[in-house]
Amino acid sequence: MSFNQENLNYRIKEFPRSLNLLGWGLLALGVLLIVVSFFVDRTRSSFNILVSFMFLMSIGLGSLFLVALEYVAGAVWSTPIRRVSEFFSTILFVIPLLAIPLYFSMHEIFHWSHTEIVRQEPALSSKSPYLNVPFFVIRTLVCFAVWLLFYLLIVRNSEKQDKLKDQALTTRNIRFSAIFMPVFAITITLAAVDWMMSLEPHWFSTIFGVYYFAGTILAALASATIAVVFFIKRGYFTNLREDHLYSLGALLFAFVNFWAYIAFSQYLLIWYANLPEETTWFLLRWQGSWKIVSIALIVIHFVIPYFGLLSQPSKMNPGRLLFMSVWILFAHLFDLYWLIMPTFSRRGVVLGWMEFAFPIAAVGIVIILFTLKAKNTNIVPIGDPKLQRGLDFRL
Amino acid sequence: MDNKLLFAVTALFNSPEEILHAVREVRLAGYTKYDVNTPYPLHGMDGAMKLKPSTLSYVALVLGLTGTFSALFFMWWVSAVNYPLVIGGKPYFSLPAFIPITFEVTVLLASIGTVVAMLFIYFKLPNNSYPLHDTEYMRSVSSDKFGIVILAKDPLFDEDKVVSLFKDLRSGNITSVYYETEEINVRHTVFEPKFLSFMAATFIFTAALTYFSLNYILYWQPFNWMWFQNRVDAQSKSTYFSDGFGMRMPVEGSVARGFIPYPYRGDQASASKYLVNPLVASKEVLIKGQDKFNTFCSPCHGYFGKGDSRLRGQFPAPPSLQSEKVRNYKDGDIYHIITVGQNIMPSYEKQITREERWAIIHYIRALQRSQNAKESDVK
């Protein structure tokens, strides 16, 4: 079975116009609601931007990580579907735009950004060498720059290979990816700590970056699975088998467990040590109606995906996999809501049209970027030397 | 040759494609009792052989669940029923603390159980001989060849037909494998003395090793390094503090948890005036009072508070608690005496909590009433 150009009929693809329309429709509706929300309740609106911001960051950054992971690990099974993750990682270009409104509502979101308050609180003023607005902005810009740099380095090479068919590009990408790994580890920790942990500036948890990482990978894997199943159903990917789906399902299942493991580790240590400065964070989420959200999170983010993906056939069935992926993507959004919103409303749950408006816009953005990118790029890396082996992959 | 019993016919192939093709043909020819041996797991072999999913995963599931529930049950029984200990102020049964252990036991039981089940049920362990062992065929498939065997017990089996089928598939090496006499005559079972004594020896060896490591090796260097720690032990000297004591007094004015300092030391009049029994003389309170009274007071004052000490003159006989004086005492007076003592009666502040003192007082009142019952009490 040698590499065969005729096999690649998926190179020419015409996405249904409805998909693009759906994307723009969602975005328009979302943006309309967002603009209204901004005048209704500016603080709440800002917190919601933060949720969607982190959500998009998860998909974009996580997808770039998956691409790099494939190169570093030398994986072949995922080569035919790598483009999907590459398309999703274009979200990294939109994230800096979303950060702009956040910058202007910093004082509403971040308690530590008020220098007058910080000066009076010893705990905060001792953290102020790190938690201050200029340094925060610098860190954020550095993170954005680094991510975009690696996007350009890795994804550009991958796309160039379609025409050049040059094996050296793979080698170069492996090198870039290997460098990206530690950079990714540091920047995602910074992002998680800066944008989410610092919402409660008194509180700290050393595992927080890993916690966000677990959700990030889930979001990226779930988005990739959704796109892959969609492609298979529409006939764009003719050579993919259930073996590829099984691998995606197994990864999803593994990271559902990984998330639960990390989440529980964070909880167990804080619960056991029972130190006031650490327990506040969980207490806030265990009081009043937030308790329902916390319990729901365990069920939505762990129990249901766990049993939904436990058996072997369920990881191979496209329909089941599609449902579970959408579910997990929602679960990640719910997780971010649980991480961020209690700071906005300490008394109890806030859930209204505003909380739905932002994710609607976010999904719209993802769809638009994906279709735009896919229009001019092959949805399969046809120049990749690993492609044929990837297509032949059997469990 | 002819008097030997045929076990199977084997064929060797050179590449994964060939063996996959051969397997498909063998299956289509209707054979059911056949097996494939390859140097490494082959993708797609399950599909070619039309193997059903292994039942071993159910063994793992059942054993895993057994692990989950037995671990939870055992920890609940130990720490909430049999020997309740407060640890870190947590409830006796606190699930978060048990989850790591539950998880470990689940994984442990599932994995060990699966291996054991695989060895004993699927591989029929004590039976360690198989006609294919020590054959040229086995040697080839463990290095670089791909082999298929059709067993003689297959209903469609016919040696010549099988050989010609393999020839059609262009196998380079077709051999017939025969039983050895021992393999026909000897059937090993789990209850064979040899096997049992082997298992017993294994158990004894493991147990001895465990005992040895826990009781001896643990005390060797460097395993005992954790013993030597930079801390001040109770009752030991310290060069750090100028007075040379390792133990320190609490900071002035600090109050131990649950202990509120008694404000009426040396001032029984105020105690009598301001202290009121906060408890209601319910059944539980009286039972508690009786328990504490019998434990702490009755050795001197007697079970009925009559002053009939059980100490047989070892200690000056204490006064009766049924006296006019004590009956007229306010609750606060008795509380004061229990708390700070009176003359040679020692203080019971350290042994008896505040609530227990008030319960004792209720009980003393009940004793007094029982010994000086009025006509109206009988109704």
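Basis for what follows: all heavy atoms, side chains included, without hydrogens, waters or symmetry-related copies. Order of the sequence lines fixes the chain letters, A, B, ..., with proteins taken first and strands second; residue numbering starts at 1 for each chain. Since we're looking at a predicted model, the values are computed, not measured.
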For chain B and chain A, what donor-acceptor pairs lie under 3.5 Å, backbone included?
unit_1, atom_1, unit_2, atom_2, d
B/H43, ND1, A/R394, O, 2.6
B/H43, ND1, A/L395, O, 2.5
B/H43, NE2, A/R394, O, 2.8
B/K90, NZ, A/W271, O, 2.9
B/K90, NZ, A/Y272, O, 3.4

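Counting non-hydrogen atoms of other residues, nucleotides and ligands closer than 6.0 Å to CZ of B/F74 gives a total of 12 or fewer. For B/Q229, the CD atom sits in a packed shell: over 12 heavy atoms of surrounding residues, nucleotides or ligands are nearer than 6.0 Å. Annotation for B/R27: atom CZ counts as buried by contact number, over 12 foreign heavy atoms lying within 6.0 Å. By the 6.0 Å contact criterion, CZ on B/F120 is enclosed, its count of non-hydrogen atoms from other residues, nucleotides or ligands being greater than 12. Residue-environment remark: CD (B/Q351) exceeds the threshold of 12 foreign heavy atoms within 6.0 Å.
Nearest approach of B/P100 to A/L268, heavy atoms of both residues: CG-CD2, 3.8 Å.
The stretch residues 97-117 of chain B participates, sequence neighbours left out, in these ring pair (Phe, Tyr, Trp, His ring centres under 6.0 Å) pairs: B/F93-B/F98.
Interface remark: of the candidates B/I87, B/I99, B/L42, B/L61, B/I99 forms the most heavy-atom pairs closer than 4.5 Å to chain A.
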